[in-house]
**Student:** 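Questions regarding the structure given below will be posed in turn.
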Amino acid sequence: MALPVLSSSAVKFRRVLAHFPQELSLAFAYGSGVFRQAGASAERGETNMLDFVFAVDDAVTWHMTNLVKNRSHYSFLKFFGPKKISTIQRYGAGIYYNTLVPCNDRVIKYGVISTDALIEDLFHWKTLYVAGRLQKPVKILAQNENSRLQAALVSNLKSAVTAAFLMLPESFSEEDLYMQIAGLSYSGDFRMIIGEDKSKVQNIVKPNVAHFQKLYSTILQDCPQVVYKHQLGRVQIDKSPEGQFTQLMALPKTLQQKITALVNPPGKNRDVEEILLQVAHDPDCGFLVHQGISGIVRSSSLVQSAKTILTAGAKKSVTYSLKKLYKMTKGGLKKTS
C-alpha cells in the first residue's frame with residue numbers, strides 16, 4: 001500500500017510520527033503536502049499543511065497519553081479529559097482532528113480514529129470519510145499485523161472500482177476511472193460548494209496516475225468483468241443488466257441500503273436482492289449509485305465539519321476555513337484566467 005511520494009519525505013513523516021504515542025494500528029499521510037497536485041509548485045508542496053490519520057485500538061488510552069505529550073494540540077476539550085474526547089470522536093465520521101499544529105517547522109493536522117471504526121468504514125462505507133481518503137494514494141507510515149484491517153483496506157479499493165464501474169460507460173480511459181474513484185468521497189460534500197477548489201479531483205488525479213495504477217492495476221487485471229488494456233490505458237466493462245447486478249451485489253452494505261431506499265416506496269417490504277435486480281435494469285442505474293454515495297457523504301461531512309468547531313476551537317476553525325476559502329477562490333481564478 002505504501003507509495004513513492006515527494007523526495008526526502010519518508011524521514012520527514014517519520015520524524016513527525018515520533019512526537020506521538022506509538023500504539024498505532026495504522027498511520028498514513030495524505031493530501032497536497034504529500035502528493036503533488038496539478039497547478040502547485042514543488043515549493044508549495046513543501047510548505048503545505050501535512051495531513052495525517054492515526055488508527056488506534058484504544059482511543060481513551062491513546063488520547064490520555066497524547067494529552068500528556070501534546071496537551072497544546074487540543075482545544076478547550078482537553079479540560080474534559082480523554083474519555084470525553086473519545087466520546088466526541090465517535091460522532092460524525094468517527095474521527096477526531098487536531099489541526100494547525102506546529103511540528104518540526106511545519107504545520108500539521110492529524111485525525112485519530114478507532115481501528116474498529118476504520119474497519120467498519122472500509123468494509124461497509126458507513127461514512128466514506130476515512131475510507132474515501134484511502135481510495136486515493138496515501139503514504140503508509142506504520143501498520144501492524146491486523147489481518148482484518150488489511151482485508152478491509154483491500155475490500156475498500158475493490159468497492160471503489162465497483163462503484164466507479166456502475167457510473168461509467170462501457171468503455172473509458174484509465175484516467176476517467178481514477179477521476180471517478182477520486183471523486184467518490186466528494187459526492188454530496190457541501191464543502192465542494194463552498195470551501196474546496198472545484199478542480200480538486202482533477203488536480204489530484206492528473207499528476208498522480210502512476211500512483212493510482214499501483215493501487216488499482218492488480219484489481220483491474222483480476223476482475224473477470226473487465227477487459228483492461230494496460231498499454232493503451234483503456235478499460236472495457238460488462239454493462240449488461242446481469243453484469244450491473246453482479247456489481248450492485250458486491251457494493252458495501254451501507255451503499256446498497258441507500259440505493260434501495262431511493263427506489264423502494266415506503267411501506268413496501270422487498271428484499272435487497274430484488275430491489276437491486278430492478279436497479280440493474282434501470283437506465284438510471286449509475287445515477288442512483290451516485291445519489292446513494294452522495295447521501296452517505298453528505299451526512300457524515302456535515303456532522304464532521306460541525307464537530308471541528310469543538311475539536312479545533314473557534315479561532316483555529318475560522319483560520320482553517322479561511323485557508324480553504326482562499327484555496328477555492330485561487331482555483332476558481334486560475335480556471336477563468
**Student:** When you compare the side chains of D116 and S114, does any donor N or O come within less than 3.5 Å of an acceptor on the partner?
**Tutor:**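 Checked: D116/S114 side chains show no N/O donor-acceptor pair below 3.5 Å.
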**Student:** Can you confirm whether V205 sits close enough to Y178 that some side-chain heavy atom of one is under 4.5 Å from a side-chain heavy atom of the other?
**Tutor:**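 With C-beta onward as the side chain, the pair touches.
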**Student:** Answer yes or no: is there an ion pair linking K126 with D121, defined by an N-O contact shorter than 4.0 Å?
**Tutor:**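 Here K126 does not pair with D121 in a salt bridge, since their nearest N and O are not under 4.0 Å apart.
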**Student:** To the nearest 0.5 Å, tell me how far M167 CE sits from I181 CD1.
**Tutor:**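 If we round to the nearest 0.5 Å, M167:CE and I181:CD1 are 9.0 Å apart.
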**Student:** Please determine whether a side-chain nitrogen of the Lys or Arg among E174 and K229 lies less than 4.0 Å from a carboxylate oxygen of the Asp or Glu.
**Tutor:**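 Not counted as a salt bridge, because no side-chain N and carboxylate O are separated by less than 4.0 Å.
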**Student:** Should the heavy atoms of other residues, nucleotides or ligands under 6.0 Å from NZ of K307 be counted, would the total exceed 12?
**Tutor:**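 Atom NZ in K307 is packed in, count exceeds 12.
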**Student:** What is the minimum heavy-atom distance between L26 and L118, and which atoms define it?
**Tutor:**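 Result for this residue pair: CD2-CD2, 3.8 Å.
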**Student:** Which heavy-atom pair separates L128 from S185 by the least distance, and what is that distance?
**Tutor:**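 That closest heavy-atom pairing would be O-CB, 3.8 Å.
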**Student:** Is there a donor-acceptor pair under 3.5 Å between the side chain of S199 and the backbone N or O of Q202?
**Tutor:**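 Absent.
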**Student:** Could you walk me through whether Y74 and H63 satisfy the side chain to side chain donor-acceptor pair (under 3.5 Å) test, starting with their C-alpha distance in whole Å, then the side-chain angles of each, then the deciding distance to 0.1 Å, before giving a yes or no?
**Tutor:** CA-CA 10 Å; Y74 291 82; H63 283 297; 2.8 Å; yes
**Student:** Grouping I, L, V, M, F, W and Y whenever their side-chain heavy atoms are under 4.5 Å apart, do F80 and Y96 come out in a common cluster?
**Tutor:**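 Yes, F80 connects to Y96 through the hydrophobic network.
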**Student:** Distance alone, cut at 3.5 Å: any donor-acceptor contact between the side chains of S173 and D176?
**Tutor:**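 There is such a pair between these side chains.
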**Student:** Quick one: which residue pairs count as a ring pair (Phe, Tyr, Trp, His ring centres under 6.0 Å) with a foot in residues 221-267, not counting sequence neighbours?
**Tutor:**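 Ring pair (Phe, Tyr, Trp, His ring centres under 6.0 Å) check on residues 221-267 returns Y228-H230.
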**Student:** Within the distance-only criterion (no hydrogens, no angle test), does the side chain of S300 pair as donor or acceptor with the backbone N or O of T127 below 3.5 angstrom?
**Tutor:**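 Checked: pair present.
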**Student:** Step through the shown structure and confirm whether more than 12 heavy atoms of other residues, nucleotides or ligands are within 6.0 Å of CD on E175.
**Tutor:**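 Enclosed.
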**Student:** Got a sec, which residues hit side chain to side chain contact (heavy atoms under 4.5 Å, CB included) with S299, two or more places apart in sequence or on another chain?
**Tutor:**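 Not a single residue meets the side chain to side chain contact (heavy atoms under 4.5 Å, CB included) criterion with S299.
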**Student:** Roughly how far apart are Q213 CD and Y216 OH, rounded to 0.5 Å?
**Tutor:**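 Spacing of CD (Q213) from OH (Y216) equals 12.5 Å.
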**Student:** Which of parallel (below 30°), tilted (30 to 60°) and perpendicular (above 60°) describes Y110 and H73?
**Tutor:**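 Plane angle over 60°, so perpendicular.
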**Student:** Take atom CD of E145 as the centre, draw a 6.0 Å sphere, and report whether it contains more than 12 heavy atoms from other residues, nucleotides or ligands.
**Tutor:**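 No - once you tally the heavy atoms of other residues, nucleotides and ligands closer than 6.0 Å, there are 12 at most.
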**Student:** Should the heavy atoms of other residues, nucleotides or ligands under 6.0 Å from CZ of R15 be counted, would the total exceed 12?
**Tutor:**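 Counting other residues, nucleotides and ligands, CZ of R15 stays at 12 neighbours or fewer.
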**Student:** Between the side chains of T115 and D57, does any donor sit under 3.5 Å from an acceptor?
**Tutor:**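 There is such a pair (donor and acceptor under 3.5 Å, judged by atom type) between the side chains of T115 and D57.
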**Student:** Which label fits H290 and F287: parallel for a plane angle under 30°, tilted from 30 to 60°, or perpendicular past 60°?
**Tutor:**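 Answer is parallel, since the angle falls under 30°.
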**Student:** Specify the closest pair of heavy atoms between W62 and E23, including all atoms of both residues, with the distance to one decimal.
**Tutor:**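 Shortest heavy-atom separation between W62 and E23 comes out as CD1-O, 3.6 Å.
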**Student:** Do you see a donor-acceptor pair shorter than 3.5 Å between the side chains of K78 and S72?
**Tutor:**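 Per modelled atom types, K78 and S72 side chains form no pair under 3.5 Å.
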**Student:** Using only atom types and a distance under 3.5 Å, with no angle test, would you say the side chain of Q247 pairs donor to acceptor with the backbone of F165?
**Tutor:**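 Checked: no pair found.
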**Student:** Kindly give the heavy-atom pair with the smallest separation between R148 and N146, and that separation in Å.
**Tutor:**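 Looks like N-OD1, 3.0 Å.
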